Amino acid sequence: MSKLIPSNVASNQTMSEPKSPLVKSVKDYFVNKDHRFYIAVSATVILAGVGLYYFWSPKPPRPKSQRQTQRSRRARSTRPAGNADTGKERGSRNKEDLEVEEFESYTQEQISALPIEKRVTVSQILKSRGNEEFGQSNYSRAMKLYTQAIAFNQDPVFYSNRAACYYNTNEYASAIEDCNNALRMDPLYVKALNRRAMAYEQTSRYEESLHDFTAACIIGEFRNENSTKSIDRLLRKVASIKAQEIIQNRAKRLPSSKFISSYLEAFRKVTIEPYTVDTADNEKEGDNFYRMAETYLNEKQYEAAMEAYGKAIDAGCSNMAEALNMRGTFTYLMGDSNGALEDFKKALEIRSDYVQAYVKCATIYMEQGNTDIAWQEFEEAIKINPNDPDIYYHRGQVYFLNSMFDKAVNEYQRRIELDPDFVYAYIQLAISQYKDGSVTEGIKTCRLGLQKFAQSAEMHNYYGELLADQRNVDEAMEQFDKAIELQNENFALPFVNKAMLCFHIKNDPAQAEEFCRKALEIEPESDIANTIMSEILLARGNLETALQYLEKYQEVARTEAELQGILEYAEAARSHIAFKRRYPQHADRLASLTGKK
Ligand SMILES: *[C@@H]1O[C@H](CO)[C@@H](O)[C@H](O)[C@H]1NC(C)=O
Ligand SMILES: *[C@@H]1O[C@H](CO)[C@@H](O)[C@H](O)[C@H]1NC(C)=O
């Protein structure tokens with residue numbers, strides 16, 4: 001998978017992008033998604049792109065029949081008042097007023113004595129008058145009329161209309177209560193569901209609100225645009241609250257070892273101050289810890305390494321600047337950017353020519369949105385050593401994340417000039433050229449890269465991605481297969497890519513699921529594999545299993561933005577599951593909406 005720095009820069013960008021309701025295209029996945037670069041970013045990007053895809057999936061032709069008539073009856077009976085009686089003459093109007101007044105004074109006893117037909121007729125009269133008052137915003141009056149209408153005849157519409165009065169007078173608890181009454185009588189009453197959802201939202205009961213809006217949408221077959229928008233809004237709200245909670249309450253921990261080694265490989269190993277011990281006298285107390293830390297690092301025991309670097313620093317060691325650089329790096333990977341900056345700054349106080357520390361500071365500043373300072377740090381690094389390949393590579397990354405692909409191309413080219421043995425420079429160069437609009441250049445760089453790194457699974461994989469984006473499906477598949485054949489380590493991406501091709505182009509979700517499963521065997525914590533797997537399962541209507549993958553992924557998600565994306569997905573799945581529980585007899589309606597593509 002990707003090398004490079006996890007970054008919030010691009011996550012923030014994606015968060016502010018409007019979510020596209022369109023079914024995402026292959027292009028979205030293979031080119032517009034930055035998953036290959038900044039791992040943390042990737043998930044968010046993909047999730048944002050996938051969005052709530054299945055909410056807008058093509059709708060099946062809806063059955064006409066009794067539902068239709070039911071709806072039109074309801075539409076009639078709930079028609080907003082105000083203009084209902086405009087055609088009437090004054091005389092009849094007054095007569096009606098008197099009539100209403102009379103009915104309003106009926107006691108429950110008198111009402112019970114009336115035959116049912118009469119009660120129904122009167123209740124309709126009272127309700128119509130209620131609608132008129134409602135239309136004129138006289139809610140207290142309307143409320144009284146609906147209350148009396150209910151006394152004549154228990155009708156869900158009357159409760160729902162009275163709920164609207166309560167809602168408009170900010171009496172949300174009563175509004176909810178009335179919607180409950182309406183829904184007890186008619187659980188499929190879309191208007192009452194929407195109203196209760198709104199009242200729940202006003203009282204910060206966001207999950208309940210979301211579940212009601214979801215039910216309203218599914219039952220209403222997604223015809224009310226406001227409800228679909230509301231779902232989107234509520235999903236974001238619920239997810240953001242939960243994401244903050246999780247971030248605040250969980251212990252900070254390092255990401256997966258695969259993630260860390262990828263990140264570390266993006267910097268060349270430079271020993272700026274070779275460890276030397278001339279005599280026992282020169283040996284500092286922390287040196288032993290430092291040696292231990294280096295050993296742990298080589299063994300990829302990162303937590304132990306981090307701890308040992310810390311002890312070396314506390315006790316004082318000969319390689320102080322390097323120890324600080326490493327502890328800062330781990331601190332950063334744990335998500336504590338400011339703590340990391342402190343360590344890098346201290347390292348720079350000891351060694352003002354520590355290029356790598358400058359570069360790492362620059363990327364953190366970039367994440368924090370301090371772009372001016374970030375560029376300055378890169379300049380500082382160049383002043384110290386204009387021939388350090390790392391500087392150009394990481395500055396290229398930053399340009400790339402900011403979609404300045406022409407500039408990124410220059411940086412990667414410089415990186416390759418200075419040191420041609422880094423496969424990721426070729427990959428990044430090819431993709432930047434491609435994204436800058438030059439397909440032929442991008443493909444050319446890939447071919448060049450393949451000559452040089454014929455045994456690189458990564459090179460084959462990314463070449464395959466460009467081909468896939470060109471809809472050159474067969475050749476892309478060949479490259480992914482080659483990558484799989486060559487892979488020595490846990491590199492799940494080629495399987496994920498095959499899954500994507502099967503899912504989106506070959507229209508074979510079962511095969512896609514199979515490939516995803518393989519990817520997850522190789523790399524169980526892979527963000528992309530978990531995401532795509534849950535997307536496939538959601539699209540196939542297998543909500544419960546999809547949710548399991550999302551929950552697993554949630555545990556390893558690193559940034560708040562990433563979590564937010566996952567949680568939006570998970571909440572969408574949960575609200576659909578809730579729908580199935582509440583309306584088991586209508587689960588097929590859901591299946592037809594989310595079902596096979
Ligand atoms: C509401 O209607 C009642 C009875 O018709 C009337 O007395 C009252 O002034 C009206 N209130 C408003 C705000 O229009
Ligand atoms: C959607 O909301 C807008 C603004 O609140 C409103 O004017 C419109 O009538 C609503 N549409 C439906 C179908 O409820």
Side-chain angles (χ1 to χ4, degrees), residues 3-8 252 254-255 260-277 282-298 301-368 370-395 397-398:
K3 306 263 141 175
L4 320 185
I5 339 169
S7 158
N8 291 326
K252 279 199 171 21
L254 284 171
I260 298 173
S261 54
S262 295
Y263 177 73
L264 295 178
E265 276 170 39
F267 293 89
R268 288 163 324 123
K269 179 89 186 148
V270 226
T271 312
I272 55 152
E273 188 183 342
Y275 179 70
T276 49
V277 186
N282 275 354
E283 173 94 9
K284 293 206 175 123
E285 219 174 306
D287 284 347
N288 206 25
F289 287 121
Y290 186 83
R291 277 192 293 268
M292 278 165 61
E294 294 281 273
T295 308
Y296 285 134
L297 190 69
N298 287 333
Q301 295 191 50
Y302 295 120
E303 256 166 65
M306 183 181 182
E307 204 187 321
Y309 281 123
K311 283 184 180 162
I313 291 164
D314 292 344
C317 65
S318 307
N319 303 57
M320 199 60 166
E322 280 181 314
L324 283 162
N325 175 38
M326 286 315 296
R327 189 176 70 177
T329 303
F330 285 119
T331 308
Y332 169 59
L333 287 166
M334 266 189 167
D336 178 5
S337 301
N338 286 325
L341 270 181
E342 260 176 54
D343 274 351
F344 294 139
K345 292 283 162 200
K346 278 188 208 149
L348 283 169
E349 274 167 29
I350 298 166
R351 294 285 307 244
S352 61
D353 61 347
Y354 204 160
V355 169
Q356 197 178 99
Y358 275 116
V359 170
K360 285 175 179 169
C361 284
T363 56
I364 292 180
Y365 283 130
M366 202 50 85
E367 276 191 8
Q368 295 180 335
N370 294 325
T371 45
D372 288 349
I373 305 179
W375 297 124
Q376 273 170 30
E377 297 279 316
F378 279 121
E379 288 301 331
E380 285 299 317
I382 290 173
K383 270 188 217 153
I384 295 162
N385 181 5
N387 293 323
D388 188 318
D390 280 353
I391 305 171
Y392 304 100
Y393 184 68
H394 289 280
R395 194 161 67 170
Q397 303 294 81
V398 171

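Below, all heavy atoms of this structure are taken into account, side chains as well, without hydrogens, waters or symmetry copies. Computed from a predicted model, the values in this text were never measured in an experiment.
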Any residue meeting side chain to side chain contact (heavy atoms under 4.5 Å, CB included) with Q301, in chain and number order, not counting sequence neighbours: Y296, E299, A304
Whether N325 side chain and A347 backbone form a donor-acceptor pair below 3.5 Å: no
Minimum side-chain heavy-atom gap Y354-E322 below 4.5 Å: yes
Any side-chain heavy-atom pair of L333 and Y302 under 4.5 Å: no
Worked verdict on I313 versus L324 for side chain to side chain contact (heavy atoms under 4.5 Å, CB included): CA-CA 7 Å; I313 291 164; L324 283 162; 3.8 Å; yes
Geometric class of the H394/F267 ring pair [parallel <30°, tilted 30-60°, perpendicular >60°]: parallel
Working for salt bridge (charged side-chain N to carboxylate O under 4.0 Å, His left out), residues E349 and K345: CA-CA 6 Å; E349 274 167 29; K345 292 283 162 200; over 6 Å; no
Pairs of donor and acceptor atoms involving the side chains of residues 371-381, under 3.5 Å and at least two apart or interchain, shall be tabulated with distances.
{"residue": "E379", "atom": "OE2", "partner": "R395", "partner atom": "NH1", "Å": "3.3"}
{"residue": "E380", "atom": "OE2", "partner": "K383", "partner atom": "NZ", "Å": "3.4"}

Side-chain heavy-atom pair Y392, P386 within 4.5 angstrom cut-off: yes
Step-by-step side chain to side chain donor-acceptor pair (under 3.5 Å) determination, E294 to Y309: CA-CA 8 Å; E294 294 281 273; Y309 281 123; 2.5 Å; yes
Shortest non-hydrogen separation from G316 to K284 and the atoms involved: O-CB, 3.7 Å
L297 side chain reached by L264 side chain, heavy atoms, under 4.5 Å: yes
Separation between CG of D287 and CG of N319, rounded to the nearest 0.5 Å: 6.5 Å
Heavy-atom pair of closest approach, residues A266 and Y393: O-CD2, 4.1 Å
Note, D343 side chain near Y332 side chain (heavy atom, < 4.5 Å): no
From CD (E285) to OG (S318), nearest 0.5 Å: 12.0 Å
Separation of Y358 OH from T363 OG1 (nearest 0.5 Å): 14.5 Å
Reported NZ-to-CE distance for the pair K346 and M320, which is rounded to 0.5 angstrom: 8.0 Å
Atom of A340, atom of G328 and distance for their closest heavy-atom approach: CB-O, 3.2 Å
Smallest separation among heavy atoms of C317 and G286, with atom names: CB-C, 3.8 Å
Shortest non-hydrogen separation from A321 to R351 and the atoms involved: CB-CG, 3.6 Å
Steps toward side chain to side chain contact (heavy atoms under 4.5 Å, CB included) verdict (M334, M306): CA-CA 11 Å; M334 266 189 167; M306 183 181 182; 3.9 Å; yes
Nearest-0.5 Å distance, CD1 of residue I364 to CG of residue N370: 11.0 Å
Inter-residue atom distance I391.CD1 - I384.CD1, 0.5 Å rounding: 7.5 Å
Stepwise side chain to side chain contact (heavy atoms under 4.5 Å, CB included) test for Y365 and L341: CA-CA 9 Å; Y365 283 130; L341 270 181; 3.8 Å; yes
